[in-house]
Amino acid sequence: MEDRKPFEIQYVRSQFPALSQYVYNKPLVYFDNAATTQKPLVVIDRLKLWYELENSNIHRGVHYLSQQGTIAFETARKTVAAFLNAKETHEIIFTKGTTDSINLLASSLGRLLVNEGDSVLVTGMEHHSNFVPWQQLCLEKKANLLVAAITDSGEVDLEDYKSLLEKRPKIVSITHISNVLGTINPIEEMIRLAHEYNIPVVIDGAQSVAHQKIDVQALNCDFFAFSGHKLYAPMGVGVLYGKEKWLNAMPPYQFGGEMVNQVSIKETLFNDLPFKFEAGTPNVGAVLGLESAIHFIEMTGIEQIGLHEEQLLHYALEKLKEIDQIRFIGHPKKQAGVISFLIGNIHPFDAGMIIDKLGIAIRTGHHCAQPVMERYGIPGTMRASFAAYNTFEEIDIFVAAVKKAALMLS
Amino acid sequence: MEDRKPFEIQYVRSQFPALSQYVYNKPLVYFDNAATTQKPLVVIDRLKLWYELENSNIHRGVHYLSQQGTIAFETARKTVAAFLNAKETHEIIFTKGTTDSINLLASSLGRLLVNEGDSVLVTGMEHHSNFVPWQQLCLEKKANLLVAAITDSGEVDLEDYKSLLEKRPKIVSITHISNVLGTINPIEEMIRLAHEYNIPVVIDGAQSVAHQKIDVQALNCDFFAFSGHKLYAPMGVGVLYGKEKWLNAMPPYQFGGEMVNQVSIKETLFNDLPFKFEAGTPNVGAVLGLESAIHFIEMTGIEQIGLHEEQLLHYALEKLKEIDQIRFIGHPKKQAGVISFLIGNIHPFDAGMIIDKLGIAIRTGHHCAQPVMERYGIPGTMRASFAAYNTFEEIDIFVAAVKKAALMLS
Amino acid sequence: MTIEQTQQQIIDEFSMFDDWMDKYNFLIEMGKDCPIIDTQYKTNNYLITGCQSRVWLHASYDGNLISFSADSDAVITKGIVNLLIRVFNGHSPEEILAADTAFLDQIGLKEHLSPTRSNGLVSMVKQMKLYAQVYHLKSTQQTKHE
Amino acid sequence: MTIEQTQQQIIDEFSMFDDWMDKYNFLIEMGKDCPIIDTQYKTNNYLITGCQSRVWLHASYDGNLISFSADSDAVITKGIVNLLIRVFNGHSPEEILAADTAFLDQIGLKEHLSPTRSNGLVSMVKQMKLYAQVYHLKSTQQTKHE
Ligand SMILES: Cc1ncc(COP(=O)(O)O)c(C=O)c1O
Ligand SMILES: Cc1ncc(COP(=O)(O)O)c(C=O)c1O
């Protein structure tokens with residue numbers, strides 16, 4: 001670590017206008033990054049430029065703005081492909097978010113592979129967006145949803161995972177990083193194990209893509225889904241990476257303009273990849289914003305960001321341990337910058353209300369992962385999650401606030 | 001018309017930064033409004049403000065930004081409900097666009113109502129987005145797609161429509177205004193006729209909502225779909241209005257965060273309207289932009305806009321008639337500000353390339369409505385379409401360009 | 001005391017607090033004092049949905065006046081429910097139906113009134129009014145039958 | 001003439017035009033001169049997809065050199081195809097495979113090179129190279145068989 005370049009946190013922060021605001025007359029401490037990140041100026045400016053000067057509907061248009069917009073949009077697709085190290089640019093499908101990406105898969109890949117009596121394998125730490133679509137697919141197809149167990153420390157029980165693989169599920173879909181526990185799953189190994197049975201693996205990368213370098217070819221995952229808005233990009237854009245062979249084999253999901261090659265009253269011929277999966281006017285502005293967010297990340301350095309967040313995590317864990325009756329929910333060996341905790345029997349919602357009044361944005365509740373809450377027999381947690389722009393001082397303010405809440409509520 | 005307030009076109013134009021640019025050293029004439037409209041400053045500024053100061057993930061958050069964001073988002077829903085005169089705010093579902101709205105319906109309403117041997121009725125002038133989803137639903141369900149014929153002048157053949165209604169289709173889905181022909185369909189009557197058989201009617205309002213006052217209660221349509229980006233709003237947001245009784249009866253479309261009330265490994269209980277149909281992080285920024293766009297329309301006056309566009313249409317039709325061999329595709333009695341035309345046997349793509357070089361943005365091609373092209377036996381058309389900010393002078397420039405193209409190409 | 005009078009009393013009490021801390025401390029105290037619901041009613045049937053914390057609410061009617069009891073697993077939520085109970089307890093269905101709840105805004109709990117606020121204050125008020133509605137119908141029907 | 005020489009010739013021709021109008025007029029003229037495809041090849045099999053205008057392209061091979069013919073329903077498109085034919089006609093599969101098409105950029109048709117440009121210039125070049133590829137394989141296989 002000695003020779004890494006100094007991470008210029010003040011410079012990073014200066015690029016995020018939202019961070020310099022006051023909330024209840026207190027400087028905002030934004031620790032709700034697992035829900036969504038703030039946006040750097042390059043992203044906001046990109047959106048503005050698009051709408052002020054470049055806006056038009058792309059593809060098939062002969063006129064200048066439409067041409068330029070098409071080139072910009074397809075260049076952004078290349079940027080995303082390079083960012084994930086996808087083999088082919090047309091393996092990148094733009095969606096509206098992780099939820100949209102996974103619903104696309106549950107529908108299209110589900111129709112391709114899952115029949116009555118088959119099964120689909122997920123883990124017990126999935127976000128609802130990577131759980132309910134598969135659960136509902138299984139209900140519809142009279143298939144079985146297999147759920148790999150979670151250990152007390154908040155890790156996937158790999159033995160259970162292996163034994164469930166022996167049931168030969170048709171699809172495995174697992175989260176890279178848990179949005180509740182912060183667990184970084186050993187997806188390389190989990191993918192390898194699934195591939196021994198030739199089972200395609202979907203990775204829910206919503207919580208990982210902003211925090212570590214993703215190389216889909218090295219991972220060898222079959223699909224990788226994420227949301228722009230958790231990656232410093234605007235809302236309303238997500239990505240589904242898929243291996244070409246799967247995307248070609250899958251039936252389309254939505255139907256409409258652009259995804260169609262030829263339509264007659266009788267039948268429809270669908271367009272090639274990636275357009276086959278992009279029905280309707282795309283969210284060009286947000287896609288260009290996503291490209292700018294990727295540039296921001298590359299300028300800042302994804303390894304630097306990851307390292308910084310790791311230091312924040314360890315500092316926060318140490319500091320929080322000073323609090324009486326602190327209970328960490330999950331203490332996995334490999335943890336990302338996400339901490340879920342409780343204080344004694346204080347309801348997280350009570351504590352959350354008080355911490356809010358101190359200008360600190362954390363999230364309380366079940367974090368759209370009720371099976372995890374069920375697993376630990378708790379109504380919810382308090383969750384702090386970090387991004388590139390967070391500081392050690394903010395952690396001090398946060399820990400002081402937690403202490404105050406604990407005092408008021410015990 | 002004597003006593004209408006003067007329509008301050010220069011003031012309207014001044015609100016759209018994109019309109020004052022030059023393309024190939026010529027002032028941009030933007031006549032591709034049926035594809036997407038340019039954005040007024042209030043919309044661009046609203047997006048900017050959201051991302052600079054307000055951005056956070058909404059719903060379920062206890063912290064200040066999340067609370068404020070939630071209130072803003074739900075207030076925008078009220079604005080949209082009032083704009084359409086919906087009876088209930090929760091009858092407004094935010095989607096990513098018209099295509100998304102109609103695919104939601106084809107899936108959810110389709111599953112509710114359509115079985116083997118049933119039928120669905122559309123017209124021969126639908127955009128692919130209101131055609132292919134129903135066609136594919138029918139293929140999947142072994143149902144029949146009924147297509148109401150189009151007359152030579154570009155109107156729905158009402159006799160044919162009536163006789164197809166007698167086949168008791170389960171769903172009728174029709175466009176309010178044709179994006180190719182400009183035809184304003186008599187949807188009040190068409191809805192009334194379908195309701196005589198208790199058939200629910202979906203209106204594709206993509207081309208109408210920016211041009212005339214929509215009152216879903218007066219129309220008595222069961223569903224109404226539109227895209228924000230054709231209404232001066234950002235890309236990536238659309239609306240599906242549906243009568244409460246239908247939305248309640250329909251199964252959900254996508255699954256994930258927010259649309260879920262309770263999830264266990266075994267089953268899932270879904271949330272109430274409107275959240276039941278809004279899985280995943282919504283595009284809050286774009287929804288607030290849509291609200292601002294509606295404010296822009298209300299400040300400018302939708303009747304004024306409609307009237308202005310009507311005058312532009314008549315002026316353009318008169319001027320274009322001066323051109324030798326001009327062929328209008330469709331000349332319906334009630335026409336919106338959309339003109340499709342050809343010149344003799346000149347390919348629209350040839351003419352489009354030349355008109356483009358003169359700084360004019362029109363669209364050429366099949367406009368994602370290949371059944372219409374088939375009906376008239378043509379490869380495509382040139383299409384000019386107007387918005388609130390277009391001027392008579394722009395029409396003069398455009399007609400001169402068409403003449404030049406005709407000259408070069410004959 | 002009428003409903004309005006209790007509301008005014010609460011407004012007066014809250015006006016003595018200088019900052020939100022005192023206010024929340026007061027709500028926490030009120031939470032501890034909440035008329036605890038009989039355990040037989042702490043079931044899903046009496047659960048108010050739409051809250052991040054769980055709230056159970058029960059109402060009984062003596063043919064004339066309604067009394068409420070409640071519980072929640074979050075103490076601030078319980079404090080807020082208790083405020084509502086203090087206001088509505090011992091009133092007739094008609095009085096409860098006629099009452100407004102603007103006092104919540106005046107004591108600085110406006111943020112809790114947003115329909116999407118996950119503590120479900122709005123749902124609680126709705127539920128109380130629903131009980132009042134039911135008992136109102138019951139009593140008018142009985143009158144008719146008599 | 002080599003492929004490069006023809007390309008240079010075209011660049012020289014285009015450099016004489018002052019504005020896009022002259023350029024397009026020239027393309028329109030070239031479109032009218034396009035070596036017309038035999039009607040038997042004007043079928044879906046010879047259609048290049050991804051174009052707003054339809055383009056049919058046919059290639060024949062005498063065991064040594066390839067010759068192309070084409071048609072399109074849009075005249076400017078036909079002019080562009082004809083440019084390509086002028087460049088590639090009468091060359092060996094290997095020469096065609098080795099050639100680049102940067103000259104299109106130099107004569108100001110860069111905009112047509114965008115992969116999403118609906119006239120499908122990119123698809124045309126691809127198709128021509130595909131023919132060359134096929135004939136190249138054919139001739140090397142024949143050599144092997146001999
Ligand atoms: C692990 C995980 N998966 C999926 C999602 C859903 O993402 P979105 O709401 O952007 O569709 C989230 C976001 O909360 C998440 O954390
Ligand atoms: C009549 C009609 N319906 C549907 C659509 C599809 O809208 P979107 O691409 O925004 O989903 C369009 C847009 O071209 C349209 O004109």
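Lettering of chains follows the sequences in order, A, B, ..., and the numbering in each one begins at 1.
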| query | Pick from A/A369, A/S227, A/A18, A/G359: which one has the most heavy-atom pairs with chain B under 4.5 Å? | reply | A/A18

| request: Search all heavy atoms of B/V284 against all heavy atoms of A/M235 and return the closest pair with its distance. | output: N-SD, 3.6 Å

| field | Under 4.5 Å from any heavy atom of chain B - which part of A/P252 | value | neither

| So which part of A/I58 gets closer than 4.5 Å to some heavy atom of chain B, the side chain, the backbone, both or neither? | backbone

| query | Are any side-chain N or O atoms of B/E52 and backbone N or O atoms of A/P17, one a donor and one an acceptor, separated by less than 3.5 Å? | reply | no

| message | Counting heavy-atom pairs closer than 4.5 Å to chain B, which one of A/K39, A/E54, A/K230, A/H127 comes out on top? | response | A/K39

| Between A/N57 and B/R363, which heavy-atom pair has the shortest distance, and what is it? | O-NH2, 2.8 Å

| remark: Looking only at B/H229, B/H367, B/M373, the option with the highest number of non-hydrogen pairs under 4.5 Å against chain A is B/H229

| remark: Answer key: most heavy-atom pairs under 4.5 Å with chain A among B/Q135, B/Q21, B/K96 is B/Q135

| field | B/Q38 side chain reached by A/L65 side chain, heavy atoms, under 4.5 Å | value | yes

| Any donor-acceptor N/O pair, A/Q262 side chain to B/Q370 backbone, under 3.5 Å | no

| Using non-hydrogen atoms only, which part of B/F16 is less than 4.5 Å away from chain A: side chain, backbone, both, or neither? | neither

| message | Can you tell me how far apart OG1 (B/T268) and CZ (A/F131) are? Round to the nearest 0.5 Å. | response | 7.0 Å

| message | Angle between ring planes, B/Y253 versus A/Y253, binned at 30° and 60°: parallel, tilted or perpendicular? | response | parallel

| Neighbour count above 12 (heavy atom, 6.0 Å) for A/Y64 OH | no

| request: Give, as side chain, backbone, both or neither, the part of A/F270 having an atom under 4.5 angstrom from any heavy atom of chain B. | output: side chain

| For the candidates B/T37, B/V263, B/V237, which exhibits the highest count of non-hydrogen atom pairs separated by less than 4.5 Å from chain A? | B/V263

| Looking at A/D45, A/N55, A/T36, which makes the most heavy-atom pairs under 4.5 Å with chain B? | A/N55

| field | Partner chain B: residue of A/G238, A/A286, A/S264 with the largest heavy-atom pair count (under 4.5 Å) | value | A/S264

| request: Write down the atom of B/M353, the atom of A/V62, and the distance for their closest heavy-atom approach. | output: CG-CG1, 4.4 Å

| query | For chain B, which of A/T364, A/L41, A/T281, A/L139 has the most heavy-atom pairs under 4.5 Å? | reply | A/T281

| query | Atom CD1 of A/I362 and atom NE2 of B/H63: how far apart are they, to the nearest 0.5 Å? | reply | 9.0 Å

| query | Which atoms form the tightest heavy-atom contact between B/V260 and A/H128, and what is the distance? | reply | CG1-ND1, 3.6 Å

| query | Per the side chain to side chain contact (heavy atoms under 4.5 Å, CB included) rule, which among A/L145, A/V122, A/V147 passes with B/I265? | reply | A/V147

| query | Of the non-hydrogen atoms in A/K48 and B/K48, which two are nearest, and what is the gap between them? | reply | CD-CD, 3.2 Å

| request: Could you tell me which non-hydrogen atom of A/G257 sits nearest to which non-hydrogen atom of B/C368, and how far apart they are? | output: CA-SG, 3.7 Å

| task | Would you check if the side chain of B/Q136 reaches a backbone N or O of A/Q254 as a donor-acceptor pair within less than 3.5 Å? | result | no

| message | Less than 4.5 Å to any heavy atom of chain A: does that hold for the side chain of B/W134, its backbone, both, or neither? | response | neither

| said: At a heavy-atom distance under 4.5 Å, which candidate from A/I355, A/L19, A/L47, A/L53 has the highest pair count against chain B? | reply: A/L53

| task | For chain A, find its close neighbours in residues 97-108 of chain B: heavy-atom separation under 4.5 Å, sorted by number, or none. | result | B/T99, B/D100, B/N103

